[in-house]
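Data first, discussion second: the structure below is written as structure tokens.
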Amino acid sequence: ARDSGQVQECTIFRACLRQTARMFGTLAAAVIALGGVLVTEAAVPTHVLFFLIDDLGYADVGYHGNPVGSKVFTPTIDALSADGVRLESYYVNFLCSPTRTSLMSGRYAYSMGMNAEVIVDGENSCMPGSVSTIADRLSAAGWDTSAYGKWDMGMTTWGCTPTCRGFGHFFGFYNAFNDYFTHHVGVGLDLRNDTMPVWNLNGTYFTEAVTADVINWLEHKVPDATKGTFTYLAHESNHAPLEVPEYYIDGECANAIPLSRPSRRIVCGMMRAVDSSLANVTAAYRRLGVWSNTIVIMSTDNGGNTDTGGSNFPLRGNKATSWEGGVRGVGWVGGGFAATQRSVVSKAMIHVSDWYPTIVHGIAGLEVGIPADGTLPLDGVDAWPSITSTAPSTRTQMLLQLNPSAVSGELPQAAIRVGKYKLIVGKPAVFGAGSKLYSGDHCSSRDDHVSPTTFPYQITNTTSPAFCCNGWVPPPETGQLPVPPPDVSCSGDPCYFPNTSYTNGGFFLYDIDADPTEKLDLAAAQPDTVQLLMAALQVYVNKSIPQDHPSKDANSTPAMHGGVWTPWVGDPDPTHCAPVPIPPVPPPKPCGGDGSIGESENLQIFGDGTCRTTGWCSGPNYGGLPRAVEALIDGTVVATALANGPRKIAGLHGFDVTFKCGALASGDHKVTVACKCADPSLPPQPIDHQGVKGPTCTHGPPAHAVPCPSSLQLPMWHIQP
């Protein structure tokens, strides 16, 4: 490799080829003959466009939706994806903020404490400042970087915002959603050009405004051929409020979707606007003569929301669920870059956290250390070899959801995929907080939910879309009713199924390769497989990372900041990038005596003189370390175990203890289980789909226990003579 006339020795051959390609600025393959062997390496693309669509459902793009009756039109998306690599085993988180923070950092949202919920206006939460972003790494290497649209990764201090997280330019808003025309969230403006509020675009459709700014930026930056460009375009569409100029609905959408389905008509128009945006931006790359040096990556942030007209059919569930309809992402890689495969449908397992190492290392050729920035290790893996060739994915499992702490009063949730299997633990959906609409206990052809604002149609209760977050919802334009879960007895419209595993929590196992629509639950038939996936999940649970979701800070209100949503903590000068606030470390969860439930589900007595008791050690505070437990009969320790298994209302602190009881005299005996904090280095115990299956009982105190005991008084049990 030659640099300023000097010859350097490359110790790593692949790095040498990447460096050579960058220095000569060509997309032609670098061809080097070594010892008579011809070796080729594709050059690194100079321009990267990451195109993110909010709440994009599986059937909200033409190439997925048309075969199942969807009438949404996306010709640009369909053409570019058909010419590139469609990613059909690609996963994201089931909500906006967790996916975006994972994408930018290369970490699971759980590992950063960002998996609790969506960051909405005024909440004191943002992506930790200790982790680098894709833009941090690229800009440090001389790339020009820009971000557009919806940020939704926090705005407590200026250090949380895009221009302090590696992006040289930003045009968009900080919150989770915005009015598409007024650019207000409630009473406050939320639209920025870099760090300055933008007041003069009232009435301009947001999708069109960000597209124009992208093109303007490209025209100023791309001619500098010595630098790469990274453009992160995160559209607000299809997130509520449902708003779009009527000219995007006229013609195809109006002709294909009846007026009785107004939400779907608007979504169709919003997708036409987004598709037009992609067409105009990619045309700019072509016009600037760099299309052959451009790679386009498209992704959703979570599944579509059927509650606002989206469709994930034939996948099960929707946004905010762990079903495939909530976490299977629409994604593809394309563009003019010659090294990517052409017209390929890839089943390589890819997670949204993989984009960090894929872009930083695989595309830009920069080294990604583990950990990359001296703090948290990366969870993502470089997927570039699987995208550019037939090389198999190096990923064999991925964490899809984990929140041991309850969210808004909901039960703990978890989901993981290992190989072809996927396990969901707890409640599959987080829709909640007490209303029938969001409880996940029903399916309805009309959910009686009206979006806060809609344009150009008014949506009423009678024209609202279908809702069935634990079942299947066909595209609204088909006129088909939603399909409830197959294992519930349900009739009528709406049909309710309360007090089931969907509302109380359970275990759900699917072979995704054979059953991508999740119709056959294998949990009862394959307990060993459930054990295997639970052991993989327990590795993350044992890290005990709090997933806090703070309430809104009254000091954030726009009334205190000139009518604008703005960072409200720390140095007010945006150029100083006030540090990201470090949330207080919560005190350790007590082992018990903490409102502990203190119930045993049962005491079983077997003919061989063995007894078994199951129950739980925790109460309202579900988080914290696993518990070590002592089973006592009449005050005498008879067995020990580890309480680390899922229970319906106790997080991952259920116990299942077996002990000898054949020598007990007839009469009444008190069974007590004492819970103690357990050493986090303890290995996970084997678990079956009913709960914990503890080790064979032993006498004496539990190993690794540390002081902080409490006892749960179980009911009196009567031993028959």
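Index from 1, following the sequence.
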**Sequence-distant partners of Val483, side chain to side chain contact (heavy atoms under 4.5 Å, CB included), two or more places apart** = Trp472

**Item:** Tyr108: partners by ring-ring contact (aromatic ring centres under 6.0 Å, His included), with sequence neighbours left out
**Value:** His351, Tyr540

**Asked** Are more than 12 heavy atoms from other residues, nucleotides or ligands located less than 6.0 Å from atom CZ of Phe73?
**Response** yes

**Request:** State which residues pass side chain to side chain donor-acceptor pair (under 3.5 Å) with Asp513; sequence neighbours excluded, sorted by chain then number.
**Result:** Arg417

**Item:** Pair Asp515 + Lys420, salt bridge at N-O below 4.0 Å
**Value:** no

**Message:** Tell me every residue that passes side chain to side chain donor-acceptor pair (under 3.5 Å) with Tyr421, counting only those two or more places apart in sequence or in another chain.
**Reply:** Gln526

**Request:** Tell me, please, which residues at least two apart from Pro314 pass side chain to side chain contact (heavy atoms under 4.5 Å, CB included).
**Result:** Tyr58, Val68, Thr517

**Message:** Just to verify, what does Asp190 make a salt bridge (charged side-chain N to carboxylate O under 4.0 Å, His left out) with, not counting sequence neighbours?
**Reply:** none

**Message:** Tyr457: which residues meet the side chain to side chain contact (heavy atoms under 4.5 Å, CB included) condition with it, sequence neighbours left out?
**Reply:** Glu246, Ile249, Leu259, Pro262, Arg265, Ile266

**Donor-acceptor pair between Asp487 and Tyr502 side chains, under 3.5 angstrom** = yes

**Message:** Cys468: which residues meet the disulfide bond (SG atoms under 2.5 Å apart) condition with it, sequence neighbours left out?
**Reply:** Cys443

**Complete:** Those residues at least two apart in sequence (or on a different chain) that pass side chain to side chain contact (heavy atoms under 4.5 Å, CB included) with Thr101 are Ala109, Met112, Met114, Met127, Met153

**Request:** For His183, enumerate each residue passing the ring-ring contact (aromatic ring centres under 6.0 Å, His included) test, keeping only those at least two apart in sequence or located in another chain.
**Result:** none

**Message:** If the condition is side chain to side chain donor-acceptor pair (under 3.5 Å), which residues does Glu518 pass it with, not counting sequence neighbours?
**Reply:** Lys422

**Item:** Those residues that, when tested against Lys519, pass side chain to side chain donor-acceptor pair (under 3.5 Å) (two or more places apart)
**Value:** none

